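Inspection log for the structure reproduced underneath, given as structure tokens.
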Amino acid sequence: MKLIFLGPPGAGKGTLSALAKERLGIPHISTGDLFRAAIKQGTPLGRQVQEIVTSGGLVPDELTTAIVREKLESPEAAAGFILDGFPRTVPQAEALETFCRIDHVVSFELGREELMNRLGGRMVCKNCGAVYHRFNRPPTVEGVCDLCGGQVVVRPDDEPAAVARRLDLYQEQTAPLIAFYDQRGLLRRLDAAPAPEEVLETLIRMLEHLEG
Ligand code: AMP
């Protein structure tokens with residue numbers, strides 16, 4: 001099954017992708033993860049996109065599309081995939097249509113206030129990557145990771161200015177994709193407010209119904 005997870009940053013696409021890929025037995029392809037890994041490893045791609053990603057901007061369409069195309073045409077993606085974070089603009093969606101046929105576009109729906117709350121409070125351990133939330137799930141000792149004692153920090157693109165920019169860019173550039181895919185009969189709406197396990201069950205039922 002070839003799926004796109006579409007929705008604003010903070011709606012839980014990454015969390016749900018991690019759960020759904022196990023259940024569906026297909027890989028999770030996240031452009032954000034690909035860029036962050038390249039930055040961490042200091043590759044030429046990483047150096048090229050570092051400033052854009054940390055400030056919450058968008059990587060140019062051509063570069064992003066070329067990376068996705070290579071991934072989707074690899075044997076690993078032949079039986080299907082979950083595409084998370086791509087496409088993010090209409091030109092990316094138009095380019096994708098030229099080399100791939102998608103089965104379903106799952107639209108994660110969540111209000112802006114809840115998004116700001118989820119994103120604004122997100123913190124990660126610099127050492128082991130454990131994820132915390134300032135209000136919903138703070139570490140026992142402020143700033144110290146419960147698991148490894150590492151420093152718990154806010155990701156640069158989760159700083160308030162970058163969060164606001166990412167949400168604005170979503171509204172301007174990505175939200176038009178909802179109508180784009182609706183017109184093509186591919187859009188499947190999903191309420192992203194409940195706990196991840198519950199959202200997963202709803203998603204699986206929805207896909208079974210569509211495929212059945
Ligand atoms: P994410 O983890 O999906 O929120 O992505 C993190 C960052 O990677 C974004 O804020 C962008 O800077 C960049 N990025 C990820 N996917 C795309 C895309 N499809 N087009 C342009 N930039 C992207």
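The residues of the chain are indexed from 1 along the displayed sequence. Side-chain atoms are counted along with the backbone in the values below, which use heavy atoms only and exclude waters and symmetry mates. Counting convention: from 1, in listed order, for ligands and their atoms alike. Remember, predicted model here, so these are calculated numbers, not experimental data.
- For Glu114 and Arg118, the salt-bridge test passes: some basic side-chain N is under 4.0 Å from an acidic carboxylate O.
- The closest approach between any non-hydrogen atom of Lys13 and ligand 1 is not below 4.0 Å.
- Among all protein heavy atoms, the one lying closest to atom 7 (C) of ligand 1 is Val53 CG1, 3.9 Å.
- When only modelled atom types and interatomic distance are considered, Thr54 and Asp157 share no side-chain donor-acceptor pair under 3.5 Å.
- Atom 12 (O) of ligand 1 has Gly57 O, 2.5 Å as its closest protein atom, hydrogens excluded (heavy atom only).
- The shortest heavy-atom distance from Pro9 to ligand 1 is not under 4.0 Å.
- Looking only at heavy atoms of the protein, atom 6 (C) of ligand 1 is closest to Arg36 NH1, 3.5 Å.
- Taking a cutoff of 4.0 Å between a charged side-chain nitrogen and a carboxylate oxygen, Glu142 and Arg134 do not qualify as a salt bridge.
- Between Arg122 and Asp158 there is a salt bridge, since at least one side-chain N of the basic residue sits less than 4.0 Å from a carboxylate O of the acidic one.
- Atom 9 (C) of ligand 1 has as its closest protein heavy atom Arg88 NH2, 3.8 Å.
- Of all the atoms in ligand 1, the ones that sit under 4.0 Å from a non-hydrogen atom of Thr64 are 18 (C), 19 (N), 20 (N), 21 (C).
- Side chains of Ser55 and Arg165: a donor on one and an acceptor on the other come within 3.5 Å.
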